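Beneath this line is the structure, given in structure tokens, with notes to follow.
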Amino acid sequence: MNHKMIMILGVTASGKGWLAFELARQIDAEIVSVDSMKVYRRMDVGTAKPSLEARRQVRYHMIDVVEPSESFSAGLFLEKASAAIEEVRGRGKSVVAVGGTALYSKALLYGLFEGPGSDERTRRELLARVESEGPAALHRELSEIDPAAADRISHNDAKRIVRALEVYRLTGRPISSLQRQFDGPGAVENWTIIGLRRERPVESARINARVKKMVQTGLVDEVRSLLAEEAPLSPQARCAIGYAEMIEHVQGRLSLDEAVEQIKKNTRRLAKGQRTWFRRFPDVTWIDVGAEESVESVLERVMQRIG
RNA sequence: GGGCAGGUAGCUCAGUUGGUAGAGCAACGGACUGAAAAUUCGUGUGUCGGCGGUUCAACUCCGCCCCUGCCCA
């Protein structure tokens, strides 16, 4: 008994993957990856997946669950991840959830609203209208049926406008009346949330080093072979950082150096967005990691917090 | 040593007839509920190389010095 639910947060390249692995071994837990890109098979180097060796030692979930040609979603994530967590708990083991996809983490903590998933036909239709009429026109339409949502969504944010209209069309209810989960207590209290944090320049330096290493360990070849596959990469998979830029390079629109610089820049931006999300997460115990601090030392500090 | 061209934001550079400065990129802050590594909103962060001079007022004009690049010795 006494199995734990631990969530580890941190920006990309913060070392949370290692920590999760060491922690899982220490407390005999299984790991649930909370990452929108590690779900794709054969996208290994660029998503910094745990090694096969690590995966032999600790059981991982939510990694390699779909083909690169498939689309994935927060809803699908929540469904599969919840099932995985149930399974782990059924074995009487602890759960360590690690990842950098904040929306997915939030979905685990609070759930998502009970509503329709994306509907391809409706969405295609609405997107066509965005093309011809511009997002502002649809935003005006949204403000008629759901002023609260329109107020919150920028008139240029085509994706959210489309989603809101889609939900209304499918359910006849304004999306703002359905999205209430994040306001309540959710399942937060079941989790111990640990955040890893370093000084900004250190985080940036780690990102640069990681990108360099990805290129050295075969990112270009990985992208080439993905492009050579029969089924084309899904829109989501192909905009993954590291892949989008390398596709430009492989197709001759960017030099290798330019692509690498772009990847570094976009990864830094990703980290920035992650910080913004995580800052507002509830009940996070932040661990300020020293520049040269060892995994063991961090692990020890985390163990103290977990008790 | 002499000549020429430059020294303005983290970087690349604009800056009209003197009225204490902008643009791109980078950076920073925010939003975010089934595409989220996506999408989107916002913000100049500056001893204008240094020291003097002219002027009500100097990034703009003058002098000296320092630094960088090119050319001539």
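So you know, we letter chains A, B, ... as the sequences are listed, proteins then strands, and number each from 1. Worth saying up front: this structure is predicted, and the values here are computed from it rather than measured.
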Which nucleotide in the list G30(B), G29(B), A26(B) gets nearest to the side chain of Lys272(A)?
G29(B)

Between A31(B), A37(B), G34(B), which one does the side chain of Ala240(A) approach most closely?
A37(B)

Does OP1 or OP2 of G30(B) have a side-chain N or O of Arg275(A) closer than 4.0 Å?
no

Considering heavy-atom distances to RNA chain B, does His155(A) or Gly115(A) have its closest nucleotide positioned more toward the 5' end?
Gly115(A)

Look at all strands and tell whether Tyr243(A) reaches a base, only sugar-phosphate, or nothing, counting heavy atoms closer than 4.0 Å.
nothing

With P as the reference atom in both, quote the distance from A73(B) to U68(B) in angstrom, rounded to an integer.
23 Å

Answer yes if the side chains of Arg152(A) and Gln179(A) hold a donor-acceptor pair under 3.5 Å, and no otherwise.
yes

Taking OP1 and OP2 of C25(B), is either one under 4.0 Å from a side-chain nitrogen or oxygen of Lys265(A)?
no

Is a side-chain donor-acceptor pair under 3.5 Å present for Thr122(A) with Asp119(A)?
yes

At under 4.0 Å between heavy atoms, what does Asn266(A) touch on the DNA or RNA strands: base, sugar-phosphate, or nothing?
nothing

How about Gln262(A) and Glu258(A): does a side-chain donor come under 3.5 Å of a side-chain acceptor?
no

Considering only the C1' atoms, how many Å lie between G2(B) and A14(B), rounded to the nearest integer?
32 Å

Check every strand shown and say whether Phe77(A) touches a base, only sugar-phosphate, or nothing at a heavy-atom separation below 4.0 Å.
nothing

Side chain proximity check, Lys49(A) to Ile63(A), heavy atoms < 4.5 angstrom:
yes

Within the 4.0 Å heavy-atom criterion, would you say Ser154(A) contacts the bases, only the backbone, or no part of the nucleic acid?
sugar-phosphate

Indicate, with a heavy-atom threshold strictly under 4.0 Å, whether Gln236(A) touches base, sugar-phosphate, or nothing.
sugar-phosphate

OP1, OP2 of A36(B) versus side-chain N and O of Thr101(A): anything below 4.0 Å?
no

Map Met37(A) and Gly111(A) onto RNA chain B by nearest heavy atom, then report which one ends up closer to the 5' terminus.
Gly111(A)

Between Tyr104(A) and A36(B), does any side-chain N or O lie under 4.0 Å from OP1 or OP2?
yes

G6(B) glycosidic conformation (syn if within 90° of 0, otherwise anti) is anti

Once you apply a heavy-atom cut-off of 4.0 Å, does Leu109(A) come out as touching a base, just sugar-phosphate, or nothing?
nothing

Which nucleotide in A37(B), A31(B), A35(B) has an atom nearest any side-chain atom of Arg123(A)
A35(B)

note: Lys264(A), atom NZ; C25(B), atom C1'; distance rounded to Å ~ 17 Å

Looking only at side-chain N and O atoms, does Glu222(A) offer a donor or acceptor that is under 3.5 Å from a partner on Tyr243(A)?
yes

Is it the case that one hydrophobic cluster holds both Val34(A) and Leu270(A), taking links as side-chain heavy atoms less than 4.5 Å apart, direct or via other members?
yes

Integer angstrom distance from the C1' of U43(B) to that of G6(B):
31 Å

Between U33(B), A37(B), A35(B), which nucleotide gets closest to the side-chain atoms of Gln181(A)?
U33(B)

Between A31(B) and G18(B), how far is it from one C1' atom to the other, in whole Å?
45 Å

Using the rule for Phe, Tyr, His and the six-membered ring of Trp, do Phe182(A) and U33(B) stack at under 5.5 Å and under 30°?
yes

Rounding to the closest angstrom, what is the interatomic distance between G19(B) and C61(B) at atom P?
11 Å

Check every strand shown and say whether Thr47(A) touches a base, only sugar-phosphate, or nothing at a heavy-atom separation below 4.0 Å.
base

Contact class for Leu76(A) (heavy atom, under 4.0 Å): base, sugar-phosphate, or nothing?
nothing

Check the phosphate of C41(B) against Asn156(A), side-chain N and O only, distance under 4.0 Å to OP1 or OP2. Yes or no?
yes

Establish, with yes or no, whether the OP1 or OP2 oxygen of G30(B) is under 4.0 angstrom from a side-chain nitrogen or oxygen of Thr276(A).
yes

Between G34(B), G30(B), U33(B), which one does the side chain of Ser118(A) approach most closely?
G34(B)

Please classify the nucleic acid contact of Arg180(A) as base, sugar-phosphate, or nothing, using heavy-atom distances under 4.0 Å.
base

Below 4.0 angstrom from OP1 or OP2 of A26(B), is there any side-chain N or O of Arg269(A)?
yes

Side-chain contact check for Ser36(A): nearest option of A37(B), G29(B), A31(B) is A37(B)

Between U17(B) and G69(B), how far apart are the C1' atoms? Round to whole Å, please.
31 Å

Between Asp146(A) and Ser176(A), a side-chain donor and acceptor under 3.5 Å:
yes

Identify which nucleotide among C28(B), G30(B), U33(B) has an atom closest to any side-chain atom of Arg200(A), counting heavy atoms from C-beta outward.
C28(B)

Presence of Arg163(A) side-chain N/O under 4.0 Å of A36(B) phosphate oxygens OP1/OP2:
no

Using the P atom in both, what is the distance from G10(B) to G44(B), to the nearest Å?
16 Å

N/O (side chain, Arg160(A)) to phosphate O (OP1/OP2, A36(B)) under 4.0 Å
no

Say we look at U12(B) and G7(B): how far apart would their C1' atoms be, to the nearest angstrom?
14 Å

Between Asp64(A) and Arg41(A), is the closest basic N to carboxylate O distance under 4.0 Å?
no

Whole angstrom value for the distance that separates P of A37(B) from CG of Leu9(A)
13 Å

Quick one: label Gly46(A) by what it contacts on the DNA or RNA (base, sugar-phosphate, nothing), any heavy atom closer than 4.0 Å.
base

